[in-house]
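Beneath this line is the structure, given in structure tokens, with notes to follow.
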Amino acid sequence: MPGWPRTVGGVEVENPLWLAPLAGITFGSFRRFHRMLGAGLVHTEMVSALGLKYKGRKTKELLHGGEGEEPCVLQLFGANAEDIARGAEIALEIKSFAALEVNMACPMPKVTKKGSGSKLMENPQEAAEMMRLLKAFGLPVWAKVRIMPPNAAERTADFCERLFSGGADFIFVHGRTPAQRYEGTASREAVAEVARLYPGRIGGSGDCYRPEDFSCYLEMGCAAVLAARGVLRDAFLVPRTLKLMGAEVPEEFCDPSPEAQTKILLELGGSIYNTEGGPLALTIARRMLGALFKGFAGASQLRRAGAMTKSWPEMEELLRNWRKIDFSEAAQNEDM
Ligand SMILES: Cc1cc2nc3c(=O)[nH]c(=O)nc-3n(C[C@H](O)[C@H](O)[C@H](O)COP(=O)(O)O)c2cc1C
């Protein structure tokens, strides 16, 4: 992309469109997939610092990644700075990361009731201490926050200032308050207000579904933007946006034929099957069917057939053969 690569938040990146942390989704194969499609940086899903501390095998599996995903940022969640630091220490014994990030944004009760996620926005001292302790690992230290509710004692910018004073190198601001969870509209203006105060140090998140959503955050002063639910609706959102921004993007990622999309989904599913296992391969492939094959004849029948598959090998078989299947009979029956 013109003017890139550049260093943002202490990490060298090819472009400012990055894959967000998504719990249950941004595991290794999914991260590699989106790096291949062009995302400038990827995130792990949020990983429990306490889970790492108590040697949870499942927690450690969340870190698995491998070649082709770099730069990858580790996102941790926890309620106190010591736990976060210990979690980071254990994680870095397993794998290296481009930066260490703390989740101060998750609004879900199972996270906030233990003092983690967006609950940390009510505890700025502990949040800043997390940044301070993470600095000791010599990697860039990042945080992801939400905008403050209107009645809060501090403004979003005040909270960010505390994190920067603690040593934060980069902060993502999601333009929803914790109480909004994932409902309503994200306030880009509230994110931009903070971005204008800290040029180059704020990333934006919230309601990025179309190329112009990403451009808007960048034009308003954000140094990077996160692709989150948007890539679950349109798998090719990032490459299409990059192309519009002037990046060189392989044509097969911008206007992919059904065959090319099938190949990509088979590769992703196969990689998940081999690395993370069959049940996850099936779940993600079903989900991705909704984000692929838009506008092609037989796509809705394929989605329906995919929803009926009971294992990844069955789904694989369907994907290999769907162009040869005559869905017309099924479609006729549906029309009746
Ligand atoms: C299924 C799902 C899982 C998420 N998991 C995380 C997470 O692990 N860590 C985090 O900081 N944010 C998480 N988020 C929030 C996203 O990273 C992003 O900030 C949010 O979805 C707003 O962007 P969007 O409106 O473009 O989807 C998650 C969101 C969704 C929908």
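Sequential numbering from 1 along the given sequence is applied to the chain's residues. Start at 1 and go down the list; that is how both ligands and their atoms are numbered.
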Check your understanding: Does ligand 1 have any atom that is closer than 4.0 Å to a heavy atom of Ala105?
Key ->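 Ala105 does not count as a contact of ligand 1 under the 4.0 Å cut-off.
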Practice item. Could you tell me whether ligand 1 has any atom less than 4.0 Å away from a heavy atom of His43? Key: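 Contact check His43 vs ligand 1: negative.
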Check your understanding: So, Tyr273 versus Glu316: side-chain donor-acceptor pair below 3.5 Å or not?
Key ->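 Note: Tyr273 and Glu316 side chains miss the donor-acceptor criterion.
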Point to revise | Side chains of Glu193 and Thr156, donor plus acceptor under 3.5 Å | key: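 Looking only at side-chain atoms, Thr156 and Glu193 do not form any donor-acceptor pair under 3.5 Å.
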Check your understanding: Tyr209 ring centre to Arg229 NZ or CZ under 6.0 Å, with the angle to the axis within 45°?
Key ->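 The answer is no, since Arg229 fails at least one limit relative to Tyr209.
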Check your understanding: Distance under 6.0 Å and angle within 45° of the ring axis: does Arg210 meet both against Tyr217?
Key ->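 Not satisfied by the 6.0 Å and 45° rule.
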Atoms in ligand 1 flagged as close to [X], the criterion being non-hydrogen separation under 4.0 Å:
X      : result
Asn103 : 9 (N), 10 (C), 11 (O)
Ala20  : 17 (O)
Arg176 : 25 (O)
Lys144 : 10 (C), 11 (O), 12 (N), 15 (C), 16 (C), 17 (O), 18 (C), 19 (O)

Exercise for review: Go through the steps for Glu89 and Lys53 under the test salt bridge (charged side-chain N to carboxylate O under 4.0 Å, His left out), then give the verdict.
Suggested key: CA-CA 9 Å; Glu89 190 180 357; Lys53 187 168 155 183; over 6 Å; no
Point to revise | Carboxylate-amine/guanidinium contact Glu69 Arg31, below 4.0 Å | key: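 Looking at Glu69 and Arg31, the cut-off is met.
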Review point. Salt bridge check: are Arg86 and Glu82 linked by an N-O gap of less than 4.0 Å?
Key: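 No, no charged N to carboxylate O under 4.0 Å.
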Nearest-contact summary for [atom] - protein heavy atom, Å:
atom                    : answer
atom 13 (C) of ligand 1 : Pro21 O, 3.1 Å
atom 1 (C) of ligand 1  : Ile25 CD1, 4.2 Å
atom 18 (C) of ligand 1 : Ser205 OG, 3.5 Å
atom 24 (P) of ligand 1 : Asp207 N, 3.4 Å
atom 28 (C) of ligand 1 : Tyr182 OH, 3.4 Å

[X] contact mode with ligand 1 (heavy-atom cut-off under 4.0 Å):
X      : answer
Phe172 : neither
Arg229 : both
Leu22  : both

From the options [options], select the one whose nearest heavy atom is closest to [atom].
atom                    : options                     : value
atom 20 (C) of ligand 1 : Met104, His174, Arg181      : His174
atom 26 (O) of ligand 1 : Ala227, Cys208, Ala23       : Cys208
atom 11 (O) of ligand 1 : Met46, Gln75, Glu45, Glu101 : Gln75

Practice item. Check whether any side-chain heavy atom of Thr26 lies under 4.5 Å from a side-chain heavy atom of Leu19, and answer yes or no. Key: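 Counting from C-beta outward, Thr26 and Leu19 do come under 4.5 Å.
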**Study point:** ring pair (Phe, Tyr, Trp, His ring centres under 6.0 Å) between His43 and Phe172, intermediate numbers included
**Key:** CA-CA 12 Å; His43 276 88; Phe172 291 102; 5.4 Å; yes
Exercise for review: Begin from the C-alpha positions of Glu154 and Arg162 and carry the test side chain to side chain contact (heavy atoms under 4.5 Å, CB included) through to its verdict.
Suggested key: CA-CA 11 Å; Glu154 286 197 330; Arg162 300 239 210 175; 2.6 Å; yes
Exercise for review: Check for a donor-acceptor pair, side chain of Asn103 on one end and backbone N or O of Cys106 on the other, with a separation under 3.5 Å.
Suggested key: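 Checking the backbone N and O of Cys106 against the side chain of Asn103, a donor-acceptor pair under 3.5 Å is found.
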